Amino acid sequence: MPFYSEKVMDHFLNPRNVGEIKNADGIGEVGNPICGDMMTFYIKVRDNRIKEVKFKTFGCGAAIAVSSMVSEMALGKTLEEAMNLTNSNVAKALGGLPSNKIHCSNLGAEALHKAIENYKSKFKGE
Ligand code: FES
């Protein structure tokens with residue numbers, strides 16, 4: 001049984017921003033080729049900032065905790081700041097992950113970045 005930090009357990013047991021945004025401005029979906037888990041991020045953007053963020057994760061506890069932490073870190077950030085969030089920032093904010101669970105943290109920032117790219121491609125030139 002891997003050791004999880006208190007923060008990981010907290011975000012796993014009480015994940016923030018779970019769900020889906022109807023009419024999201026951007027949607028990013030990623031899958032983990034190692035385990036087959038899936039993660040989708042939904043964002044609403046106003047004045048170049050992330051005004052709302054929700055996610056749906058079909059995955060292990062670490063992946064859920066990572067999604068929850070990414071959503072909390074992304075909220076209120078500019079798109080540029082959110083693009084600068086990295087997997088290792090997120091793992092660090094969670095107080096670290098067991099080494100055999102590091103691959104689970106790879107989805108979080110990637111799904112958020114994809115949602116931002118999706119938003120940018122939809123609203124290009126507006
Ligand atoms: Fe699949 Fe963790 S085991 S994301």
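Order of appearance sets the numbers: ligands from 1, and atoms from 1 within every ligand. FYI, side chains are in, hydrogens and waters are out, and symmetry mates aren't considered; it's all heavy atoms of this structure. Small disclaimer: the values here were computed from a predicted structure and weren't measured.
At a cut-off of 2.8 Å, measuring from atom 1 (Fe) of ligand 1, the protein N, O or S atoms that fall short of it are Cys35 SG, Asp37 OD2, waters left aside.
In this structure, CG in Asn87 is found 11.5 Å from SG in Cys104, a value given to the nearest 0.5 Å.
Using a cut-off of 4.0 Å between Lys/Arg side-chain N and Asp/Glu carboxylate O, Glu29 and Lys114 are scored as not salt-bridged.
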Could you pull out all donor-acceptor pairs under 3.5 Å where a side-chain atom in residues 67-75 meets a protein atom, sequence neighbours excluded?
from	atom 1	to	atom 2	distance (Å)
Ser67	OG	Thr57	OG1	2.7
Ser67	OG	Ala63	O	2.6
Ser68	OG	His11	ND1	2.7
Ser68	OG	Arg16	N	3.0
Ser71	OG	Arg16	O	3.4
Ser71	OG	Asn17	ND2	2.9
Ser71	OG	Ser68	O	2.7
Glu72	OE2	Arg16	NE	3.3

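Here the shortest heavy-atom pairing between Gly108 and Val66 reads CA-CG1, 3.8 Å.
Residue pairs meeting the ring pair (Phe, Tyr, Trp, His ring centres under 6.0 Å) criterion with at least one partner in residues 23-62, sequence neighbours excluded, are Phe41-Phe55. Residue pairs meeting the salt bridge (charged side-chain N to carboxylate O under 4.0 Å, His left out) criterion with at least one member in residues 35-46, sequence neighbours excluded: Asp25-Lys44, Asp25-Arg46.
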